[in-house]
Colleague: 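Here you go, one structure.
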Amino acid sequence: MTRTIAAAGAAIVCCVTMTACSSPFGLPISGSVQTLAPVEQQTQRVYTNPQGPADDAQPETIVKGFYDAMPAGVQSDGYRVAREFLTGSASAGWNGDSSALVYSGTPDFRRRANTMSTPQGAESSLIVEVQLQVVGSLDSHGVYTPTDSSTISKVPYILIKRSGQWRISSLENGVVISTADFEQVFRQVSVYQVSTSGKQLIPDVRWLSWRNWRTQAVGEVLSDAPSWLEGVLRGTGLPTIKLAVDSVPVKNNVVEIHLNSGINALNEEERGLLVHRIRLTMGDGNAEYALKITGDGVDYSDADANVKLTTEQPTAGVYTLTGGHIVSLASSSPLRVGEAPGYDDARGFVFSSSGGAVLRADGVVECLKSDGASCGVMFSGESMRSITEGLDGEVWAVSENGRELHVSDGGKETDLKLDWLGAADSIVALAVSPEGCRLALAVEGEDTNGVMMTGVARNGDKTLSGLSKAATQVSVLRHVTMLTFYNDLNLVYATTPPEGNSEQQEAWRQMAPGPANAQRLPNGTITSMASGQISLSRRLAIVDDLGIVRSVSGSLDGSWTIADSQVTALGAQ
């Protein structure tokens, strides 16, 4: 039986068995660049027009009306209607912008007795408890954290009756939003951070209310980065720089940002980086985005004129290893580019125009030259669980015990440990982001399960210098065995192939971190996935247990097309 293995900047194809394999690969070190817009960015919104409380409404109806009004509060009206369901004192103390719970399904509103004494002046008091299937939450900075939706959450609201009318008198801060409303009322914003190398931009994904997202976005650029990026960023922590007014208006199609005098104290380089980060954040990565920035009246709109950092992504190639031949799938006509015989039972493969590596059946990682010839073993011949490609030809490997990472870069090898990994946890697979400053890791264990993301620190020459000491949860889905960055914002991952059809294989995609959307898969058992360029288009590529490579592009919900129809024939020649 001929075995096919494919590398797509991040993919491998396993042998024709039910054994799962991890998804490796990153980016080649040469080739043209292209700008890719976020796949999931919301472009059209539906505005809601909620109604206030009706006379003599029952307690459950009051709470339900409050739920119906909260989305409009986030999106447009600043909770004007939502506050009509609250008592005056509750309205004064409630902050809807402090956090958010995101739920799926239909809330269940249940009345129960209030064992506390009825407040003075109230005719009656009770509690309406809302049972929800919570799938995630947002903090005050717009950072999304997924939640295990298998547990039903209960949110209580105390109501009192005065002058014959029920109103909510006590509630927790924050809003409760359905998954159907989430992307209508919250806007995905990438707060662009600068890596320690000073040469890479890292999109720090946030979800901010459409109502005032520009004001919030500038505030987040000026704030400290989240803990999972600590130690891997440059130019963070700007405590003396604030918005002069708590507003970012748009006048004559130009966004105006007025800062205080704190920006004047920065040197020219620091000021240029700050202005550039604000420009990219406001323009969704567009370095030509027009805006006006002042600091205590001084115009700094052109302070980043000499800053060359862009969000463009290198082109990622797609390669397969089949029958001892390395084949490029860059176009509709696959091309044999190298010979690498003797790896019919290989467990993993990474490749670019400069060479790569193969994870042999015995777990040893062997270096490959650009023509497929061997250039020796890596990592002292120690057995590895999976491999993937990193930045500029790096080869990343997960140790056989799943506890350590090993990186080979131009002959230099580095061993890494993850400070946040629990004592009984292990890494199953990993993927490196296009800019090389983020790791997505599939983890299983007692303390951590799902997909985690952590930061990668780099020196001025972009070489690896370490990892962040913290991580953030991207998904709570168990049994993830393959994952890839589709582009700089979107992560795609899938579970292990089912055994005996006992479980359904699942795949998901999401702006990471953010809510997950189901990724449609073709029929068959998927054994690995990757992303790369095929026929000049960015595509998600998958391999099934028969060694067939298929790809999909665009919305990722389109039709899957066979990408390797000639690969088997080429391998047999």
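Residue numbers start at 1 and run along the sequence shown. Everything numeric here is computed off the predicted structure, so don't read it as measured data.
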Colleague: Which heavy-atom pair separates Glu389 from Phe351 by the least distance, and what is that distance?
Modeller: OE1-O, 3.6 Å
Colleague: Testing the basics here: between Tyr300 and Asn264, what is the closest heavy-atom pair and its distance to 0.1 Å?
Modeller: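 Scanning both residues, the minimum pair turns out to be OH-OD1, 2.7 Å.
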Colleague: Decide if atom CG of Asp299 counts as having more than 12 heavy atoms of other residues, nucleotides or ligands within a radius under 6.0 Å.
Modeller: yes
Colleague: Closest approach of Cys375 and Leu368, non-hydrogen atoms and distance?
Modeller: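 Between these two residues, the closest heavy atoms are SG-N, 3.5 Å.
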Colleague: Quick one: which of Thr454, Asp447, Val443 gives a side-chain contact (heavy atoms from CB on, under 4.5 Å) with Leu421?
Modeller: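 So the option named by the test is Val443.
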Colleague: Evaluate Glu435 against Ser433 for side-chain hydrogen bond (donor to acceptor under 3.5 Å, both in side chains), listing each step before the verdict.
Modeller: CA-CA 6 Å; Glu435 85 289 337; Ser433 63; 2.6 Å; yes
Colleague: Does the distance from a Lys or Arg side-chain N to an Asp or Glu carboxylate O, for Arg234 and Glu269, drop under 4.0 Å?
Modeller: yes
Colleague: Can you check side-chain contact (heavy atoms from CB on, under 4.5 Å) on Leu556 and Asn490, steps first, answer last?
Modeller: CA-CA 11 Å; Leu556 299 182; Asn490 290 268; 5.6 Å; no
Colleague: Any side-chain heavy atom of Val194 within less than 4.5 Å of one from Ile202?
Modeller: no
Colleague: Hey, what's the ring geometry for Phe379 with His406, parallel, tilted or perpendicular (30° and 60° as the breaks)?
Modeller: tilted
Colleague: Between Glu230 and Ser468, does a side-chain hydrogen bond (donor to acceptor under 3.5 Å, both in side chains) hold up when you go through it step by step?
Modeller: CA-CA 6 Å; Glu230 286 182 4; Ser468 172; over 6 Å; no
Colleague: Could you tell me which non-hydrogen atom of Ser475 sits nearest to which non-hydrogen atom of Gln473, and how far apart they are?
Modeller: O-NE2, 2.8 Å
Colleague: Going by heavy atoms in the side chains, are Leu259 and Leu222 under 4.5 Å from each other?
Modeller: yes
Colleague: What about Trp213 and Phe186, are their ring centers closer than 6.0 Å?
Modeller: no
Colleague: Give every donor-acceptor pair under 3.5 Å between a side-chain atom in residues 397-404 and any protein atom, sequence neighbours left out.
Modeller:
from: Ser399; atom 1: OG; to: Asn401; atom 2: OD1; distance (Å): 2.5
from: Ser399; atom 1: OG; to: Arg403; atom 2: N; distance (Å): 3.3
from: Ser399; atom 1: OG; to: Glu404; atom 2: N; distance (Å): 3.1
from: Ser399; atom 1: OG; to: Glu404; atom 2: O; distance (Å): 3.3
from: Ser399; atom 1: OG; to: Glu404; atom 2: OE1; distance (Å): 3.3
from: Glu400; atom 1: OE1; to: Ser383; atom 2: OG; distance (Å): 3.0
from: Asn401; atom 1: OD1; to: Arg403; atom 2: N; distance (Å): 2.9
from: Arg403; atom 1: NH1; to: Gly422; atom 2: O; distance (Å): 2.5
from: Arg403; atom 1: NH1; to: Asp425; atom 2: O; distance (Å): 2.6
from: Arg403; atom 1: NH2; to: Gly422; atom 2: O; distance (Å): 3.4

Colleague: Looking at Glu220, Gln188, Gln216, His141, which one forms a side chain to side chain donor-acceptor pair (under 3.5 Å) with Arg206?
Modeller: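 Exactly one candidate clears the test, Glu220.
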Colleague: Knowing that exactly one of Val221, Leu201, Leu233 qualifies, which makes a side-chain contact (heavy atoms from CB on, under 4.5 Å) with Gln193?
Modeller: Leu233
Colleague: Would you call Lys369-Asp371 a salt bridge at under 4.0 Å N-O?
Modeller: no
Colleague: Quick one: do Asp488 and Arg438 make a salt bridge, cutoff under 4.0 Å?
Modeller: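 Between Arg438 and Asp488 there is no salt bridge, as every charged N stays at least 4.0 Å from the carboxylate O atoms.
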Colleague: Between Tyr493 and Gln510, do the side chains contain a donor N or O and an acceptor N or O under 3.5 Å apart?
Modeller: yes
Colleague: If you define the side chain from C-beta out and look only at heavy atoms, does anything of Arg214 sit under 4.5 Å from Met282?
Modeller: yes
